[in-house]
Each structure stands twice: as structure tokens, then as C-alpha cells.
2 protein chains.
Amino acid sequence: MGIAERREREKEKRKNDIIDAAERVFFEKGHENATMDDVANEAELSKGTLYLYFKNKEDLYLAIHLRGNKILHSLFQKAVKNKKTGIEKTRSVGKAYVEFFKKYPNYFNAMLYYESHDIDFADQDSVAAECLIEGKATLELLIESIVIGIKDGSIRSNIDPVKTAISLWGQTTGILQIASLKEKIILSQYFSISAQDVIDYNFDLIYHALKS
Amino acid sequence: MGIAERREREKEKRKNDIIDAAERVFFEKGHENATMDDVANEAELSKGTLYLYFKNKEDLYLAIHLRGNKILHSLFQKAVKNKKTGIEKTRSVGKAYVEFFKKYPNYFNAMLYYESHDIDFADQDSVAAECLIEGKATLELLIESIVIGIKDGSIRSNIDPVKTAISLWGQTTGILQIASLKEKIILSQYFSISAQDVIDYNFDLIYHALKS
DNA sequence: CACAAAATATGACCAACGGTCATTAATTTT
DNA sequence: AAAATTAATGACCGTTGGTCATATTTTGTG
């Protein structure tokens, strides 16, 4: 009964090839300016075929985001491993997020799209649902770091790990969003500071809020 | 020479009427699902006329955002006035932002659009350029509160007011973005916490980071 | 008032794009 | 080899943002 499995493999491969093509197109033109015809051409498939593998344009873009989120997840895992104390782990996770932002700006944009749009999670089989699971697993690493920090005394004990993790996630995403979209006009032109300055500065603030 | 002035007034009035109509449409359907034809119908004008007053759909939506930002600005002014110490002013400004988020969810959505999209500020006469100025004036109030707090000793002196203000702005926007878009699915369903919990919690974190 | 000039407004029209579906092609099963 | 199932195609459709030649209204002039 190897046929069904082979077909499954081929289907998965084709799906991946489409995402590969979609990345080339979306990363070059951006989500708004990229068209499904572009992707079809790049993938050397007809447009209709794309819709056999992905529900719609958003679903396809979320598939790209999912790849990015998996990268981020592994960066978080590395970050947690390399440090001893909880607060160091926590800070390291934050640094990993910034590293992700700088090293994979295109994936970061896909993440921003995910974070700033009202995604439809209703369909359990959609890519969106997968993103949700992957996103939770990623956040869980941050929560765990904070828990460890409370236990080892490096983080003050009167905080709530889950709320703190969500706060940190939202905060940092917000800062990186500004850094990404408003650097030229607001930061540089109005206040003569670099995105990196604000990012670094934000870390100090957070550190100050958490340490015991 | 009253004619030119009257015409100018009438032009301004018409512009406002269009924004009024646009609010009704955009607020009901959201930015993506609202069409320029909808707005034209609601305004009882032809579509072509809309384009005499606004460059494009985004410009019209930004005009709505500008109204929202002016409301926020006045809330900030009130917030600053009512408090004595710098840290109280700063906290009060934060509370005002949350009040804005709750009381004017539609304007808040317009603000989120502005914050999460790559707006074209090139044209000096566009609504986008006005938004920039208004946004800066609003942020300035936050900066000023922090400066006062450093002077009166309620905020620790080794922070940078501008960077802090930008950080707080980005952080809070990030949190409110999550609260707004991901409440149902992530916060409630996954972690059983309310958006309000996270917002309040975030305030405590920030307070902790700033106080001397 | 009559007529020209300027300013406004109109809506038919266009191009672009996301998405669909009847048809065709390829593969597997019988 | 024929039937049945699965996969792929691309012409086509509806919607929408935006335009522009034309029409209407208002203002200026003799």
C-alpha cells in the first residue's frame, strides 16, 4: 500500500513547491502587490491548481508565516538552552525575536500581517489553525523561562508568568512594528534615533520591570 | 472678496460630509469590505466626486484616523492636566489610550491600520502628512510627562524621555492590538484571561519599569 | 441680462485581480 | 483495455479602485 503514501508525499512536495514560489513572489512584491497569477507563473502551474492546495491568497501567505514561525520557534529553543537563570533565558528569548526580525525581515513581515489582521480561525483544517498551534508552542517557551526565573529568584516572584509573557510578546511586537514601518519617517526624521536604539532601549525597560 | 472664502468653507464642509459618510460605511463594514461605491452612495455623491476630495481610498480612511487621533490628542491633554506628578501624568496618559481603545473602537481600528501599514508620506499635502504632524503632537504630550516626572523625582532619572515615550507607545499599541484582534481565540480560549486583564497587567509592568 | 470662463460633479468605462468551474489530462483500479 | 478516480488547466466571472470625457453649476464680464 505504498501508493497512497507516495501520493501523500508528492502532494506535500507540491504544496511546498508552491510555498517556495509564493515566497519568491511575496517577498519581492509584498503581500498586497503580489498576485495569485504571479505565484502561478513562478510555480509554473495554473492558477486553478493553487486553489487545490490553498483555500485562498491569505491561506497561502499564512503558510509562509508558518514557516517563519517555525524558524522563530527553533530560535527560541536555542535561546532558552544557552542560558542558566530564568531572567537570562527570558532576555535571550527577546534577543532571539530581534535576531529573527533582523535576519528574516520577510518572515517578520508575514508575522506582522498575522498579528495585525483579523484572521479567520474557524476552519480547523486551515493553515491558520496550524499557525495558532505553532504560535502557542512558541509563546510557551517564553512562559517557561519566566517560570524558571521566578523559581530561581532571578525574576521577582509577584508576577504572573502567562500575563507577563503575553505582555512581553505584544510589547516587543509593537516596538518592532514601529521599528520596521516607521523608522525612516518618525524615528530618524523626527527624533533622530535609530530603530536599533529603540529596540535596545526597550530591552532595558523590560529588564528593569522583571528583575527581582 | 467673501466668495473665495465661502467656497473654501463649502469645500471644507463637503469634505467633512464625505468623511461622515465614510465613517458610517467603514465603521459598519470595515476597511477591507467597504467600497468606494458604498461611500459614494452614502454621501449621495458620485464616485468621481470622492476622488476630487481624496486621493484614494487609503487617504479617505486616513482622514477618519486623523479625526480619531485628534480625539486621542485631546484625551491626552485632559489626562496630563488632571495629575500632579510626572509618573501620575504618564500613567494617566496610558489610561487615556486605553479609554480611547474602549470608547472609540472604530477609531482605534483606524489607528491600528495606520500603525500597521506602510503608509506613503511622500506627498506633503496628503492626509497622511497631517496624520504625521498630529501623531507627533500627541506623542509629545507623553514625552513631556516623562520629562516632568524626571524633574519631580517620581520617575527614575536614568531614562531617556523620548526613547521611553516611543517604547511605551509601541508597547501599548502592541498590547491593544492583541487585545483587539486575538482576544477570543488566544487570550480567552488558550489562556483563559480577558483582554482587560492583560491591559491592566501591562500597566503594572510599565509602572514598575519607570518608577524611581 | 447674456454670454464666456471657470469650477464642480457625473457615471460610464477600464484594467486588475481573486476566485470558480466545466473540461481535459494523467494516474490508478478493475 | 476500459472504467474510475484524481489532478490540472485556463477561460471566464464578478467585484472594485480609479479615471476621464462630458455635463452641470457657479462666477466673472461687457
Side-chain angles (χ1 to χ4, degrees), chain A residues 1-22 25-26 28-64 113 117-120 123 126-128, chain B residues 1-22 25-26 28-64 113 117-120 123 126-128:
Chain A
M1 274 295 93
I3 282 181
E5 289 157 21
R6 197 205 68 215
R7 283 189 101 121
E8 195 54 41
R9 270 204 317 279
E10 280 176 355
K11 212 166 171 176
E12 212 53 38
K13 166 97 163 60
R14 165 89 7 136
K15 220 172 160 174
N16 260 303
D17 289 345
I18 292 175
I19 302 176
D20 286 342
V25 172
F26 280 111
E28 191 203 325
K29 301 193 168 188
H31 173 260
E32 293 218 334
N33 295 110
T35 74
M36 290 302 268
D37 284 293
D38 290 338
V39 176
N41 281 336
E42 183 70 31
E44 292 175 307
L45 289 169
S46 73
K47 183 157 64 162
T49 304
L50 299 185
Y51 286 89
L52 295 176
Y53 291 87
F54 297 93
K55 211 176 64 199
N56 51 36
K57 189 184 178 185
E58 177 167 275
D59 217 44
L60 179 51
Y61 195 50
L62 287 182
I64 294 174
Y113 176 89
H117 286 78
D118 198 352
I119 310 288
D120 175 27
D123 185 357
S126 64
V127 179
Chain B
M1 274 298 91
I3 281 183
E5 288 158 20
R6 198 206 67 215
R7 285 189 101 120
E8 194 54 41
R9 271 205 316 279
E10 279 176 356
K11 212 166 171 176
E12 211 54 40
K13 167 100 166 55
R14 168 85 10 131
K15 220 172 160 175
N16 260 303
D17 290 344
I18 292 174
I19 302 175
D20 286 341
V25 172
F26 281 112
E28 191 203 322
K29 303 193 166 186
H31 173 259
E32 292 219 336
N33 295 109
T35 73
M36 290 301 267
D37 283 295
D38 289 338
V39 176
N41 281 335
E42 183 70 33
E44 294 175 304
L45 289 170
S46 73
K47 184 158 63 162
T49 304
L50 299 186
Y51 286 88
L52 294 176
Y53 290 87
F54 297 93
K55 210 177 66 197
N56 52 34
K57 189 183 177 185
E58 177 167 276
D59 216 45
L60 179 51
Y61 195 51
L62 287 182
I64 294 174
Y113 176 89
H117 286 78
D118 198 352
I119 310 289
D120 175 28
D123 184 357
S126 65
V127 178

**Message:** Can you measure A/M36 atom CE to D/dG14 atom P for me and round it to whole angstrom units?
**Reply:** 20 Å

**Asked** Taking CD from A/E32 and P from D/dG18, how many angstroms apart are they, rounded to a whole number?
**Response** 11 Å

**Message:** Please find the pair of heavy atoms, one from B/A128 and one from B/D120, that lie closest to each other, and give the distance.
**Reply:** CB-O, 3.7 Å

**Asked** Base, sugar-phosphate, or nothing for A/A43, non-hydrogen atoms under 4.0 angstrom?
**Response** nothing

**Prompt:** B/E10: what forms a salt bridge (charged side-chain N to carboxylate O under 4.0 Å, His left out) with it, not counting sequence neighbours?
**Reply:** B/R6

**Request:** Remember a base hit wins even if backbone is also touched, and classify B/A34 as base, sugar-phosphate or nothing at under 4.0 Å, heavy atoms.
**Result:** sugar-phosphate

Write down the protein N/O and nucleotide N/O pairs, taken from nucleotides 6-13 of chain C, whose separation is under 3.5 Å; answer none if there are no such pairs.
unit_1, atom_1, unit_2, atom_2, d
C/dA7, O3', B/R7, NH2, 2.9
C/dT8, OP1, B/R7, NE, 3.4
C/dA9, OP1, B/R14, NH1, 2.7
C/dA9, OP2, B/Y53, OH, 2.7
C/dT10, OP2, B/S46, N, 3.1
C/dT10, OP2, B/S46, OG, 3.4
C/dT10, OP2, B/T49, OG1, 2.8

**Request:** In sequence, state the C-alpha distance, the side-chain angles, and the governing distance for A/H31 and B/H117, and then conclude on ring-ring contact (aromatic ring centres under 6.0 Å, His included).
**Result:** CA-CA 11 Å; A/H31 173 260; B/H117 286 78; 9.7 Å; no

**Item:** side chain to side chain contact (heavy atoms under 4.5 Å, CB included) involving A/T35 - partner list, sequence neighbours excluded
**Value:** A/D37, A/D38

**Item:** Atom-to-atom span, CZ of B/F54 to P of D/dT19 - whole angstrom
**Value:** 15 Å

**Asked** side-chain hydrogen bond (donor to acceptor under 3.5 Å, both in side chains) with B/E44: which residues, sequence neighbours excluded?
**Response** none

**Request:** Send over the distance from A/Y51 OH to D/dG10 C1', rounded to a whole Å.
**Result:** 14 Å

**Close residues, residues 55-63 of chain A, relative to DNA chain C [heavy-atom separation under 4.0 Å]** = A/N56, A/K57

**Request:** Specify the separation, in whole Å, of atom CG of B/D37 and atom P of D/dT19.
**Result:** 14 Å

**Request:** Any pair with a residue in residues 53-64 of chain A that passes side-chain hydrogen bond (donor to acceptor under 3.5 Å, both in side chains), sequence neighbours left out, goes on the list, sorted by first then second residue, please.
**Result:** A/E58-A/Y113

